There are 2 protein chains.
Amino acid sequence: MPRAGLDRATVVAAGAALADEAGLPGLTMGLLAQRLGVRTPSLYKHVDGLDDLLRRIAALALAEAGDAVGLAVRGRAGRDALAAAAHAFRAFVLAHPGRYASTVGQEPTGPDDPLAVGAGRMLDAFRSVLHGYEVPEPDTDHALRMLRSLCHGFATLESAHGFRWSADVDESFEWLIDFTDRGLRAM
Amino acid sequence: MPRAGLDRATVVAAGAALADEAGLPGLTMGLLAQRLGVRTPSLYKHVDGLDDLLRRIAALALAEAGDAVGLAVRGRAGRDALAAAAHAFRAFVLAHPGRYASTVGQEPTGPDDPLAVGAGRMLDAFRSVLHGYEVPEPDTDHALRMLRSLCHGFATLESAHGFRWSADVDESFEWLIDFTDRGLRAM
DNA sequence: CTCCTGTGGCTAAGGCTGTTAGCCACAAGC
DNA sequence: GCTTGTGGCTAACAGCCTTAGCCACAGGAG
């Protein structure tokens, strides 16, 4: 039997993909092994169990999301930057719901934890959005938390089919960006 | 051996309490049975399996949260109502994280589903908050979704220890209420 | 007061998880 | 060409949810 030639990065990437397709609870060691053409225990040669796998998927997701938002913001300012960041974030969560779901509730062990690095990169992207508005220094942390809560809440609820009634969801998102933009400009 | 005298409502209530204490993934049929002084299979006489239990816990949580927010809003208007609703919501999620977590991702089967009834009651409470502002009719749905995203996002992130850095979380929440109030009044 | 029935407990068992131990063969390096 | 480390494997176990089937208690009918 020839070796499958697996790799930690391959396993984590396949796990992330499976989480997106089957939902986070649908990500199981057995299913992942089967998809990689390998028996379940073999995964333990590359990953330290399910918890470790989830941590690594979360780190991957944060890095990817941070990159996406950072790239979207680049070269923009004010309302443009806000809209670009919000759209990039929402698009990422909708395209990768399982990946993103794995990030909530993960606590980084230290400042060098890839988890913390990825989170920091995304935070920086949102911080640069605020930089385009004249937000007083002591308020930036609060504003940052508001942006995060808003984006996280909206995208999470939408990906869980939490918006069931009539109005168009895209329209609501645009409205929400407008509302935030007006509020930030008025400071 | 005397009967334990269990009841569907008792089982659901104990399940909700256990979910709050041990976290939603910590709510297990075995643990719940043990806490009720009964063997695991006995629970199936009162509840149709774990999924059914989770649905009922979610319905209970929505009813309780809706009541709490509705009661907080009663007799208030404008900024007062907004602050009262937001605080009641956040307090509920922080006090009952497991209960609340069970509500996300549950889809009601029909308009008579207790799940839908509870969700509707909470929605009405927030709708009455908006009633105190002069929000144009076509915008109310969008504003409602914004309030929901903001409250859900903030409370969820906070209860998952998502706000790690320095600034005071209570202060951020007040800031966020202020920001929303100013935005709504300016419409 | 006695019997009958429904209900709410129980034991036993099966299929699914994640996980560990221990084996064995391939692939690369001296 | 041999040696060694590594990446597969099988076997096994604990814990989870769930079902089947039994049995004794509680309450109502006669």
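In what follows, chains are A, B, ... by sequence order, proteins preceding strands, each numbered from 1. Note that these values count all heavy atoms, side chains included, but never hydrogens, waters or copies made by symmetry. Fair warning: this is a prediction, and the values are worked out from it, not measured in the lab.
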**Request:** Any chance you could measure B/Glu171, atom CD, to A/Asp139, atom CG, to the nearest 0.5 Å?
**Result:** 9.0 Å

**Message:** I need the residues from residues 24-35 of chain B with at least one non-hydrogen atom less than 4.0 Å from DNA chain C; give them sorted by number, or say none.
**Reply:** none

**Spacing of B/Asp7 atom CG relative to C/dT7 atom C1', expressed in whole Å** = 13 Å

**Complete:** In short, salt bridge (charged side-chain N to carboxylate O under 4.0 Å, His left out) pairs touching residues 47-68 of chain B with sequence neighbours left out are B/Asp52-B/Arg56, B/Arg55-B/Asp113, B/Glu64-B/Arg99, B/Asp67-B/Arg121

**Fill in**
With sequence neighbours left out, the residues meeting ring pair (Phe, Tyr, Trp, His ring centres under 6.0 Å) with B/Tyr133 are none

**Donor-acceptor pair, side chain of A/Arg90 and main chain of A/Phe154, under 3.5 angstrom** = no

**Message:** Please list all pairs meeting ring pair (Phe, Tyr, Trp, His ring centres under 6.0 Å) that have one or both residues in residues 107-128 of chain A, counting only residues at least two apart or in different chains.
**Reply:** none

**Request:** Check the surroundings of atom CZ in A/Arg182: do more than 12 heavy atoms from other residues, nucleotides or ligands lie under 6.0 Å from it?
**Result:** yes

**Prompt:** Should B/Ser42 be listed as having a side-chain N or O under 4.0 Å from OP1 or OP2 of C/dG8?
**Reply:** no

**Request:** To the nearest 0.5 Å, tell me how far A/Met29 CE sits from A/Leu53 CG.
**Result:** 6.0 Å

**Item:** Distance, rounded to the nearest Å, where A/Arg8 contributes CZ and D/dT6 contributes P
**Value:** 13 Å

**Side chains of A/Gln106 and B/His161, donor plus acceptor under 3.5 Å** = no

**Message:** Between B/Lys45 and B/Asp7 (salt bridge meaning N to carboxylate O under 4.0 Å), is one present in this structure?
**Reply:** no

**Prompt:** How far apart are the C-alpha atoms of B/Arg145 and A/Glu158, what are their side-chain angles, what is the distance that settles it, and do they pass the salt bridge (charged side-chain N to carboxylate O under 4.0 Å, His left out) test?
**Reply:** CA-CA 10 Å; B/Arg145 283 178 173 162; A/Glu158 182 180 9; over 6 Å; no

**Request:** Could you list by number each residue of residues 43-60 of chain B showing a heavy-atom separation from DNA chain C of less than 4.0 Å, or answer none if no residue does?
**Result:** B/Lys45, B/His46

Would you tabulate the nitrogen or oxygen pairs shorter than 3.5 Å linking the protein to nucleotides 12-15 of chain D?
none

